[in-house]
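One structure below.
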Amino acid sequence: VGDEPRPPMGHPVAYTTDSDAALARSLQEAELEELDAPLPAEQQPRRRRPWFCLLAVLACCILFLVEMAENEWKVQPFVCPASCAG
């Protein structure tokens, strides 16, 4: 059982007996349980705070407020009439 080649995932396998099928099911269940088990604390990846994202959003908000102040607190139009007149 250990050195036999395994079929690719999702492909059907022909079993010779019901006991072979039962053994295969129990092995698959054991593999799934192993995959679902949580990692020990020393193997878990370190969580990082998204400081770059926070700073980028904060910078965009500040720049938006600066532009609004320059436009006398009005939203700038998508099309400038001076550039379209021309």
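In this structure, Trp51 belongs to a hydrophobic cluster whose other members, linked by side-chain heavy atoms under 4.5 Å apart, are Leu54. Think of Val57 as one node in a network of Ile, Leu, Val, Met, Phe, Trp and Tyr side chains linked at under 4.5 Å; it has no links at all.
For Pro45, there are no side-chain contact (heavy atoms from CB on, under 4.5 Å) partners at least two apart in sequence or on another chain.
Minimum interatomic distance between Met68 and Lys74 (heavy atoms only, all atoms of both residues): SD-O, 3.7 Å.
Within a 6.0 Å radius of CD in Glu72, other residues, nucleotides and ligands contribute 12 heavy atoms or fewer.
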